[in-house]
Structures are given as structure tokens and as C-alpha cells.
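What follows is a short report on a single structure.
Basis for what follows: all heavy atoms, side chains included, without hydrogens, waters or symmetry-related copies. Everything numeric in this text was worked out from a predicted model, so none of it was measured.
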Amino acid sequence: LIERLLRDPYFRRPPPKSLERTRFGEDYLQRLSRPAKSLQDLLATLSLLTARSIEDAYRRFILPRRRPREIIVSGGGALNKHLMSLLAWRLAPIPVRTSAVLGLPPLAKEAACFAWLAARALRRRPNSCDRATGARGERVLGKLILPAIFGALIPLTSGCAAVAVTGAVEGISYTLSNVAYRTFTAP
């Protein structure tokens with residue numbers, strides 16, 4: 001069953017990509033639950049599918065180019081002990097850990113990422129990925145919006161993403177399916 005599910009064209013696409021909720025939404029879950037014997041069976045299938053899709057992405061897109069010292073998992077999946085054990089099994093011998101070992105709570109990934117993007121924008125350093133955005137070259141995205149007492153809107157670029165600076169992070173991980181390998185650099 002897992003091999004058949006992994007033949008879906010979504011899993012073959014190279015990164016960067018985003019989960020298509022229309023493709024893997026309620027209808028997908030309904031079709032998958034028909035052959036399941038129980039809720040536990042369905043959850044086990046989904047967990048293994050998740051681990052295998054991450055493993056496949058690593059083997060196809062990362063491991064041919066680099067050999068990470070460890071794999072850092074963030075987001076809600078990092079709190080799922082069963083999923084973490086599956087990832088450790090499928091990606092062995094590379095150690096699999098949560099972002100908590102780096103001092104970043106797994107659920108703080110998005111906030112930390114936006115803080116990093118904001119810190120780069122404030123320093124007028126590129127904070128975009130042209131392969132993800134389709135832009136021709138590096139860009140500084142975002143705009144700084146100060147309260148009226150500090151003056152007017154200060155555009156950083158023609159980008160339209162607004163950022164609120166509440167802190168900064170000294171590094172960011174390259175993420176792939178909510179899993180990362182350490183490539184921390186100062187912003």
C-alpha cells in the first residue's frame with residue numbers, strides 16, 4: 001500500500017514544494033480509510049507514508065549531494081514520538097533529533113523563520129530563495145512598518161510581505177518536508 005501511495009506524482013516532484021491540501025484532504029483520507037481495519041491502522045499507514053516520503057526526498061535530493069551530520073525535525077511532527085522513531089529507523093545511521101536540541105522549540109519554527117527573515121531584511125541582506133519565488137536573483141523582501149511616532153512606512157523592497165520584528169535568530173535551517181539538516185549561518 002505504501003509503495004502504491006508513494007507513486008503519487010506529488011512525491012516525485014523536486015523541492016521546493018508545498019503540500020497540496022486539495023489533493024491530500026478529506027477525499028484522500030476517505031479513500032485511504034476504506035481498506036483500513038481500524039483508526040490505529042489508518043494512523044499507522046499515514047505515519048509510515050510520512051516517514052517514507054521524507055526518507056525518499058532525502059535519498060533523492062540531499063544524500064546524493066551532501067552527507068548531513070544529523071537531521072533536525074521541527075514542527076508538529078517533531079512531537080510525534082512514533083513518527084520520530086520511524087524517521088530514525090528509515091534515515092539511519094544519520095541521527096534524527098528535534099530542533100529542541102538546538103534550543104528552538106519545535107513549534108516555534110515559523111516564528112523563528114520570520115524573525116530571521118526580518119533580521120536579514122533590516123540588514124538589507126537577501127532573504128529570498130529565487131527557486132521558490134521565481135524571482136530572477138536574490139531579493140530583500142518585506143517592509144518595516146513603524147508606529148506613527150517613528151515616521152512613515154519604510155519600504156525595504158517592492159515586495160509586499162510585512163514583517164513584525166519581535167526578535168532575531170542567529171541562523172536558519174534549510175527545510176525539506178519540515179525536516180532540516182544543519183546549515184546555520186549568521187544573518
Not counting sequence neighbours, list each pair that qualifies as a side chain to side chain donor-acceptor pair (under 3.5 Å) and has a residue in residues 90-108. E55-R90, E70-R97
Test ring pair (Phe, Tyr, Trp, His ring centres under 6.0 Å) applied to F24 - qualifying residues, sequence neighbours left out: Y10, F11, Y28
R12 meets the salt bridge (charged side-chain N to carboxylate O under 4.0 Å, His left out) criterion, sequence neighbours left out, with D56
For the side chain of N127 and the backbone of R120, is there at least one donor-acceptor N/O pair under 3.5 Å apart? no
For R65 and F61, indicate whether the former's side chain and the latter's backbone hold a donor-acceptor pair under 3.5 Å. yes
Mind checking side chain to side chain donor-acceptor pair (under 3.5 Å) for E3 and listing every partner two or more places apart, or none if nothing turns up? R52
Who are the side-chain contact (heavy atoms from CB on, under 4.5 Å) partners of [X], not counting sequence neighbours?
{"X": "L46", "answer": "L29, L32, L42"}
{"X": "D41", "answer": "A36, K37, S38, T45"}
{"X": "S85", "answer": "H82"}
{"X": "L107", "answer": "L79"}

For [X] versus [Y], what's the shortest heavy-atom pair and its separation?
{"X": "S18", "Y": "R13", "result": "O-NH2, 4.4 Å"}
{"X": "I2", "Y": "L49", "result": "CD1-N, 3.8 Å"}
{"X": "P68", "Y": "I94", "result": "O-CG2, 3.8 Å"}

Contact between [X] and [Y] at the side-chain level, heavy atoms closer than 4.5 Å - yes or no?
{"X": "R67", "Y": "I62", "answer": "no"}
{"X": "P126", "Y": "R139", "answer": "no"}
{"X": "V96", "Y": "V73", "answer": "yes"}
{"X": "L102", "Y": "I72", "answer": "yes"}

Report the distance from atom CG of L91 to atom CG of L63, rounding to the nearest 0.5 Å. 7.5 Å
Mind checking the OG-CG spacing from S128 to L141? Nearest 0.5 Å is all I need. 4.5 Å
Residues L6, S53; criterion side-chain contact (heavy atoms from CB on, under 4.5 Å); working and verdict: CA-CA 7 Å; L6 285 172; S53 69; 4.0 Å; yes
Residue pairs passing the ring-ring contact (aromatic ring centres under 6.0 Å, His included) test where at least one lies in residues 83-105, sequence neighbours excluded: none
